[in-house]
Amino acid sequence: MFRQIKKKTIFILALSMIFVLSGCSNSAKTEETSNEESVRRESDSTKSKIIHMDYGDVEIPENPQNVIVTFNQGDVIALGIIPVGATFSEGSAFEELAENITQIDGWEINPEELLSLKPDLIIWGSYDEKSYETLSKIAPTLAGDFYSMSYEERLRFFGEIFNCEEKAEVLIQGFNSKLKETQAKLDNAGLLNKNIACIEVIGDTVRAYQFGRGGSLVYNMLGLSAPEKLNEAFKDKTSIDISYEVLPEYMGDYILLNTGKDKLVDNKVWENISAVKEGRLIQASSNMFWFNDILSLSKQIDIIANSMLEK
């Protein structure tokens with residue numbers, strides 16, 4: 001279906017260079033933009049093209065200018081497109097790049113909120129007939145579970161929408177190379193055969209993920225495994241809840257924790273897990289591993305690899 005301060009500064013600068021070189025047709029105007037370019041862009045905004053979706057063909061602007069995106073803004077930003085509205089970005093790899101984007105609610109449609117942004121294209125992260133009818137009255141809408149698409153398929157889809165097919169391929173190839181390089185580093189360090197549990201605290205239990213919260217990256221892309229008992233419990237489930245009483249039985253060599261340690265203060269069961277006691281804990285902001293766009297995946301690889309290699 002067509003979803004330390006110095007290090008941070010370097011990351012943002014690197015991304016900025018990518019955007020400058022991307023050449024996407026609707027990147028932000030600068031003071032150096034010529035009158036001829038302005039006229040061309042104005043002309044393009046009146047043209048349209050057809051995007052084929054499962055629910056039918058959608059006519060969208062040839063060169064969208066004011067885009068609203070839910071949950072997948074990281075990929076759009078990576079292509080050099082800054083949406084006028086998007087869902088939350090707090091704790092993400094692209095948080096600073098999204099600081100001037102108006103935050104919207106991606107779960108409940110607020111027509112007034114969306115209309116105020118004057119979008120000419122809406123990319124909505126789910127589809128149902130009633131919601132689509134509401135959204136399409138505001139602007140041409142592409143709706144679907146883009147979040148569950150592979151990063152390659154999603155980037156190519158967005159590349160088609162924004163006339164950035166070549167840039168999408170560059171991003172995909174760059175990430176694939178990084179993935180292979182990371183696997184090689186872990187293998188050389190004797191870590192590729194280690195197992196990891198990807199978890200977060202949910203109320204009085206711990207939720208372990210097979211796909212979300214870094215699971216897909218860890219297990220499907222990097223090729224690391226889940227602890228044996230945890231893997232058996234997953235079967236065809238995307239996640240499972242584990243009580244603290246039996247938690248140590250499901251943990252392994254490393255733990256990827258998607259929760260602040262403050263929620264585990266004075267928890268004796270947690271403190272006595274081998275990976276915790278021996279410092280084999282991989283941790284980031286609670287939202288960092290929520291996203292699965294190309295910018296987030298790249299940052300997540302760094303967090304996982306650097307943490308494992310430093311232990």
Side-chain angles (χ1 to χ4, degrees), residues 2-3 16 19 22-53 55-90 92 94-144 146-147 154 157-164 167-168 291 293 295:
F2 283 162
R3 168 153 174 147
S16 298
F19 300 158
S22 67
C24 289
S25 62
N26 72 329
S27 56
K29 294 181 181 179
T30 67
E31 292 182 359
E32 297 179 0
T33 301
S34 66
N35 290 332
E36 180 181 345
E37 175 68 8
S38 298
V39 171
R40 185 193 65 77
R41 286 166 58 87
E42 183 177 350
S43 175
D44 284 347
S45 67
T46 65
K47 298 178 182 179
S48 65
K49 60 184 176 183
I50 300 297
I51 300 295
H52 304 289
M53 304 295 288
Y55 49 84
D57 291 348
V58 182
E59 185 176 6
I60 71 169
E62 175 72 25
N63 185 31
Q65 301 296 302
N66 297 322
V67 184
I68 289 175
V69 185
T70 61
F71 309 121
N72 299 286
Q73 63 267 40
D75 286 317
V76 174
I77 292 172
L79 289 169
I81 314 302
I82 304 301
V84 294
T87 40
F88 75 97
S89 299
E90 292 85 356
S92 69
F94 51 84
E95 182 174 5
E96 289 192 19
L97 297 169
E99 62 183 0
N100 293 322
I101 299 174
T102 298
Q103 182 172 319
I104 64 167
D105 188 339
W107 286 273
E108 291 190 21
I109 298 173
N110 184 331
E112 291 76 17
E113 175 185 58
L114 301 182
L115 279 167
S116 70
L117 298 174
K118 300 179 180 179
D120 57 5
L121 177 64
I122 298 173
I123 301 176
W124 201 259
S126 62
Y127 175 83
D128 68 75
E129 190 172 346
K130 184 177 180 180
S131 296
Y132 182 78
E133 183 179 353
T134 299
L135 291 166
S136 60
K137 289 179 180 177
I138 299 171
T141 300
L142 303 175
F146 306 117
Y147 193 88
R154 191 172 54 241
F157 175 53
F158 291 154
E160 177 187 0
I161 293 169
F162 297 108
N163 311 308
C164 294
K167 178 57 183 175
F291 297 93
D293 58 89
L295 297 182

Taking the side chain as every heavy atom from C-beta outward, state whether [X] and [Y] have any atom pair closer than 4.5 Å.
{"X": "L135", "Y": "L114", "result": "yes"}
{"X": "I68", "Y": "L121", "result": "no"}
{"X": "I123", "Y": "T141", "result": "no"}
{"X": "V67", "Y": "I122", "result": "no"}
{"X": "I161", "Y": "I60", "result": "yes"}
{"X": "P64", "Y": "F162", "result": "yes"}
{"X": "N72", "Y": "F158", "result": "yes"}
{"X": "H52", "Y": "I50", "result": "yes"}

- Task: Go through the steps to decide whether W107 and F71 satisfy the test ring pair (Phe, Tyr, Trp, His ring centres under 6.0 Å), and finish with yes or no.
- Result: CA-CA 10 Å; W107 286 273; F71 309 121; 4.8 Å; yes
- Task: Applying side-chain contact (heavy atoms from CB on, under 4.5 Å), name anything that partners E90, two or more places apart in sequence or on another chain.
- Result: F88, E95, Q103, N287
Nearest heavy-atom neighbours spanning [X] and [Y]:
{"X": "S131", "Y": "I109", "value": "CB-CD1, 3.5 Å"}
{"X": "E160", "Y": "I51", "value": "OE2-CD1, 3.7 Å"}
{"X": "M53", "Y": "A143", "value": "CE-O, 3.6 Å"}
{"X": "I77", "Y": "A98", "value": "CD1-CB, 4.2 Å"}
{"X": "G106", "Y": "T70", "value": "CA-CG2, 4.0 Å"}
{"X": "T134", "Y": "P111", "value": "CG2-CG, 4.1 Å"}

What distance do [X] atom [atom1] and [Y] atom [atom2] have between them, rounded to the nearest 0.5 Å?
{"X": "K118", "Y": "I138", "atom1": "NZ", "atom2": "CD1", "result": "14.5 Å"}
{"X": "L295", "Y": "S92", "atom1": "CG", "atom2": "OG", "result": "8.5 Å"}
{"X": "S136", "Y": "Y55", "atom1": "OG", "atom2": "OH", "result": "8.5 Å"}
{"X": "I104", "Y": "I101", "atom1": "CD1", "atom2": "CD1", "result": "10.5 Å"}
{"X": "E96", "Y": "S89", "atom1": "CD", "atom2": "OG", "result": "12.0 Å"}

- Applying side chain to side chain donor-acceptor pair (under 3.5 Å), run through E62 and S48 and close with a yes or a no. CA-CA 4 Å; E62 175 72 25; S48 65; over 6 Å; no
- Task: Run the numbers on T102 and V84 for side chain to side chain contact (heavy atoms under 4.5 Å, CB included), then give the verdict.
- Result: CA-CA 6 Å; T102 298; V84 294; over 6 Å; no
- Sequence neighbours excluded, every pair satisfying salt bridge (Lys or Arg N to Asp or Glu O under 4.0 Å) that has a member inside residues 123-140: E133-K137
- Cut-off 3.5 Å, side chains only: do N63 and K49 have a donor facing an acceptor? no
- Query: Within the side chain of Y132, is there an N or O that forms a donor-acceptor pair under 3.5 Å with the backbone of L142?
  - Reply: no
- Task: Determine, step by step, whether Q73 and T87 satisfy the side chain to side chain contact (heavy atoms under 4.5 Å, CB included) criterion, reporting the C-alpha distance in whole Å, the side-chain angles of both residues, the deciding distance to 0.1 Å, and the verdict.
- Result: CA-CA 8 Å; Q73 63 267 40; T87 40; 3.5 Å; yes
